[in-house]
Amino acid sequence: MSRISVYLVLVIFFLANISCNGKSQLIEKVSLDTSNKACNIIFLIGDGMGLSQLSSAYFYSESEPNFSRFPVIGLSKTRSGSHKITDSAAGATAFSTGKKTYNGAIGVDMDTNAVVTITEELSSMGWATGYISTSSITHATPASFYAHVPSRIMQEEIAKQLVYSGVNFFAGGGYNWFINRSDSVDYTDTLKANGFFLDTNSILKVADSSFDKWAYLLAPDGLQPKHLGRDDFLSQATEKAIQFLDAKGSPFFLVVEGSQIDWGGHANIGEYVIQETLDFDKAVGVALDYAQKHENTLVVVTADHETGGFTLAGEQNVGPFMTISRDYNSLVPSFSTGGHSCAMVPVFAYGKSAKLFSGVYENTNIYSIFKEIVSQ
Ligand code: MG
Ligand code: ZN
């Protein structure tokens, strides 16, 4: 073997030992740059997306949903620390902190003590972080990753905490919580004073390169529902966030929420649920496209809980003498509640360490697996 060949074999050996947080001493000797790019996590949450919502993507889409691209599937048990049926605050706090807490809690435990979240911890280790939602960005799901308040209704305080959270990119609705506040402070000014590029019109607007933090607040509260005309905000924001975070050269953790699958369930409107699920699937596709080209990326998709007791049942007709006929070729989106249910929800994983997400487990386990992966 020539000297060059021996060198190449050694380099390949070193590269094969890259760990997620770049702590491998071997690789540090070779290239710090390479180790810094060793891992990215894209975590997509379909709020309220149970198995029937997921199934709707298969029955109401002309093409195969992106959900089919995942090699690893698990099931998550969603109960909270206080109730058999969780809300989104306790559900997302389980993902962000690994703690079961009470319904309504944002980034705090059962005793209302603040718990450091996975994104806060990674941010302090030099990772870039981002949050995207089709609700207000201060709504329970994204808030549980960067805020610590005893109640999800404290959205003014949550907005304030977002500004100082160390986040690099966020996009969603909710500028009312930054501007029209009871304390009269304009937190969009504070955002700009803290180095953010801010746009309130379109996700397509590009910041000039002098800004190293980007924020998009595109509606007073939640964005428009998809079935009433929302554009491709969710997939476009996901693409933009990935490009922005990738360019930073450090590992990144991006949280993407399809918020309104849940709202369609609460409203008991089948078309709302279905269009939001298909829209979410598009964003999932964007994340997977990136992960396919960047093999040290992990993509995880799950839900905080199921909403609506949703199902796709066959059309039922009552004939003469109360005879019932059912048409198993005519689906009727139906609901059993205007609230959430306790049904388990799917977990999909692709990429680095994805196999760890196989099985049936508590929602807090998703946090534990993230921790394990980034500590490797
Ligand atoms: Mg939500
Ligand atoms: Zn809900």
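When a ligand or atom number is given, it counts from 1 through the structure's own listing order. These values consider heavy atoms only, across backbone and side chains, with no hydrogens, waters or symmetry-generated copies.
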For the side-chain contact (heavy atoms from CB on, under 4.5 Å) test, which of Tyr350, Phe357, Phe280 pairs with Val301?
Phe280
In short, ring pair (Phe, Tyr, Trp, His ring centres under 6.0 Å) pairs touching residues 295-315 with sequence neighbours left out are His305-His340, Phe310-Phe335
Salt bridge or not between [X] and [Y]? Use side-chain N to carboxylate O under 4.0 Å.
{"X": "Lys77", "Y": "Glu362", "result": "yes"}
{"X": "Glu239", "Y": "Lys282", "result": "no"}
{"X": "Arg69", "Y": "Asp289", "result": "yes"}
{"X": "Lys100", "Y": "Asp109", "result": "no"}

By side chain to side chain donor-acceptor pair (under 3.5 Å) - contacts of Asp183 (at least two apart)
Arg181
Quick one: sort the Trp214 and Phe169 rings into parallel, tilted or perpendicular, breaks at 30° and 60°.
tilted
A side-chain contact here means heavy atoms from C-beta on lying under 4.5 Å apart; do Tyr146 and Ile158 qualify?
yes
Neighbouring protein N, O or S atoms of the Zn ion (ligand 2) [cut-off: under 2.8 Å, no waters]:
Asp262 OD1, Asp262 OD2, His266 NE2, His340 NE2
Sub-2.8 Å protein N, O or S atoms surrounding the Mg ion (ligand 1)
Asp47 OD2, Thr141 OG1, Glu257 OE2
